[in-house]
Amino acid sequence: QVTVAVPKPSPAQRPGLSPVGWQATAISPAGSEESATEPQLAFDGDPTTRWTTGRGMKPGDWFVLDLGHPERINRVWADVAASPEDYPRGYEIGVSLEGTQWKTVAEADEGTSRRSVRHGVWRASFDPVEARFVRIRQRGSHDQWWWSVPELYVLPESYRAPTSRSELNVHRTRAGK
């Protein structure tokens with residue numbers, strides 16, 4: 001058995017935009033409940049912490065990220081490796097320049113959202129758009145699994161994923177050795 005260990009990325013290694021200056025809010029349907037943990041845990045650089053609803057997923061739960069200034073973006077990723085069942089069970093991603101008028105740029109049902117999880121990363125892509133605010137709205141539900149985000153990444157249009165093992169800084173180890 002081969003285990004791939006990826007070290008915690010330094011800010012220079014983090015995929016996508018730097019989270020410096022980001023702010024976030026998260027809430028359940030109709031504002032009846034606040035999330036169980038602080039939304040800033042979704043981009044604190046520590047994959048052992050996470051933002052979570054603290055209860056089963058419900059349609060209408062949302063997470064809004066303020067990037068601090070407009071950016072040209074086309075992808076949102078979430079590291080869900082530590083909680084592989086905590087990805088959104090269907091979603092709608094909206095963007096805004098001012099945080100009040102939203103444009104839907106991506107949406108998916110539960111099956112499409114499930115298939116977008118690869119190698120422990122939930123991925124949503126859309127046509128490049130200028131945005132300051134990014135809203136992820138839960139469209140599905142699950143009584144047992146919470147919606148959690150250990151690390152959230154927003155990728156600019158210019159981002160190119162690493163293509164080699166050396167670029168990924170991946171270390172192979174044998175399990176039990």
Side-chain angles (χ1 to χ4, degrees), residues 14-47 49-80 83-118 120-142 145-159:
R14 180 185 172 89
L17 301 173
S18 168
V20 173
W22 288 5
Q23 296 293 318
T25 55
I27 201 154
S28 67
S32 61
E33 301 172 38
E34 292 187 17
S35 51
T37 59
E38 291 298 317
Q40 287 72 13
L41 292 175
F43 50 88
D44 66 352
D46 184 350
T49 64
R50 64 183 175 162
W51 166 79
T52 183
T53 58
R55 52 139 176 83
M57 297 178 212
K58 295 180 183 176
D61 289 350
W62 53 260
F63 185 96
V64 175
L65 180 63
D66 177 354
L67 302 173
H69 57 276
E71 294 278 359
R72 189 151 177 86
I73 62 172
N74 69 341
R75 287 166 281 180
V76 175
W77 291 356
D79 177 347
V80 295
S83 304
E85 297 297 328
D86 290 1
Y87 63 89
R89 294 300 195 271
Y91 62 85
E92 174 187 296
I93 296 179
V95 297
S96 176
L97 288 171
E98 77 294 317
T100 57
Q101 304 233 354
W102 297 91
K103 174 185 178 184
T104 300
V105 294
E107 52 190 334
D109 60 18
E110 180 178 351
T112 302
S113 190
R114 180 178 48 253
R115 287 186 299 277
S116 72
V117 178
R118 294 186 306 277
V121 177
W122 171 83
R123 303 155 197 257
S125 299
F126 42 89
D127 290 335
V129 62
E130 193 82 10
R132 174 177 171 175
F133 296 88
V134 178
R135 179 180 65 196
I136 306 168
R137 186 187 312 240
Q138 176 75 247
R139 293 176 78 185
S141 63
H142 199 287
W145 302 112
W146 301 356
W147 182 20
S148 298
V149 181
E151 283 301 306
L152 185 68
Y153 308 104
V154 177
L155 285 74
E157 179 181 19
S158 61
Y159 178 77

Q. Can you check whether R72 reaches P156 side chain to side chain, under 4.5 Å on heavy atoms?
A. no

Q. Is the shortest heavy-atom distance from the side chain of P19 to the side chain of R14 under 4.5 Å?
A. yes

Q) Say you draw a straight line from NZ of K103 to CG of L97; how long is it, rounded to the nearest 0.5 Å? A) 10.0 Å

Q. Is the shortest heavy-atom distance from the side chain of P84 to the side chain of V117 under 4.5 Å?
A. no

Q) Do F126 and I73 have side-chain heavy atoms sitting under 4.5 Å apart? A) yes

Q. Where is the tightest heavy-atom contact between R132 and D66, given as atom of each residue plus distance?
A. NE-OD1, 2.8 Å

Q. With a 4.5 Å limit on heavy-atom distance, are the side chains of D127 and V105 in contact?
A. no

Q: Tell me yes or no: between the side chains of D61 and T53, is some donor less than 3.5 Å from an acceptor?
A: no

Q: Using side chain to side chain donor-acceptor pair (under 3.5 Å) as the criterion, list what pairs up with D79, not counting sequence neighbours.
A: none

**Q.** E107 and R137, any side-chain heavy atoms less than 4.5 Å apart
**A.** no

Q. Of all heavy-atom pairs between P150 and P47, which one has the smallest distance, and what is that distance?
A. CB-O, 3.8 Å

(Q) Let me confirm one number: the NE2-OH distance from H142 to Y87, rounded to the nearest 0.5 Å. (A) 7.5 Å

Q.
Looking at every heavy atom in both G90 and Q138, which two are closest together, and how far apart are they?
A. O-OE1, 3.4 Å

Q: Step through the shown structure and confirm whether more than 12 heavy atoms of other residues, nucleotides or ligands are within 6.0 Å of CD on E98.
A: yes

Q | Residues forming a side chain to side chain donor-acceptor pair (under 3.5 Å) with S158, sequence neighbours excluded | A | none

Q) Is any side-chain heavy atom of R50 less than 4.5 Å from a side-chain heavy atom of T37? A) no

Q) Mind checking whether W147 and Y91 have ring centres under 6.0 Å apart? A) no

Q) Between the side chain of Q101 and the main-chain N/O of S96, is any donor-acceptor distance below 3.5 Å? A) no

Q.
Looking at every heavy atom in both L65 and A24, which two are closest together, and how far apart are they?
A. CD1-CB, 4.3 Å

Q.
Between R139 and E92 (side chain of the first, backbone of the second, donor and acceptor by atom type, cut-off under 3.5 Å), is there such a pair?
A. no

Q) What residues form a salt bridge (Lys or Arg N to Asp or Glu O under 4.0 Å) with E85, not counting sequence neighbours? A) R89

Q) Going through the checks in order, is the side chain to side chain contact (heavy atoms under 4.5 Å, CB included) test met by V154 and E71? A) CA-CA 10 Å; V154 177; E71 294 278 359; over 6 Å; no

Q: Go through W77 and Y159 one step at a time and tell me if the side chain to side chain contact (heavy atoms under 4.5 Å, CB included) criterion holds.
A: CA-CA 12 Å; W77 291 356; Y159 178 77; 4.0 Å; yes

Q. Of W51, F133, F43, which meets ring-ring contact (aromatic ring centres under 6.0 Å, His included) against F63?
A. W51

Q) Do you know the tightest heavy-atom contact between A108 and S113? A) CB-N, 4.2 Å

Q) What do the steps show when you test D86 against V80 for side chain to side chain contact (heavy atoms under 4.5 Å, CB included), and what is the final call? A) CA-CA 7 Å; D86 290 1; V80 295; 5.6 Å; no

Q. Considering only heavy atoms from C-beta outward, does the side chain of Q40 approach that of Q23 to under 4.5 Å?
A. yes

Q. Shortest non-hydrogen contact from R55 to K58?
A. NH1-CG, 3.6 Å

Q: Any chance you could lay out the side chain to side chain contact (heavy atoms under 4.5 Å, CB included) test for V134 and L152, step after step, and finish with the verdict?
A: CA-CA 11 Å; V134 178; L152 185 68; over 6 Å; no

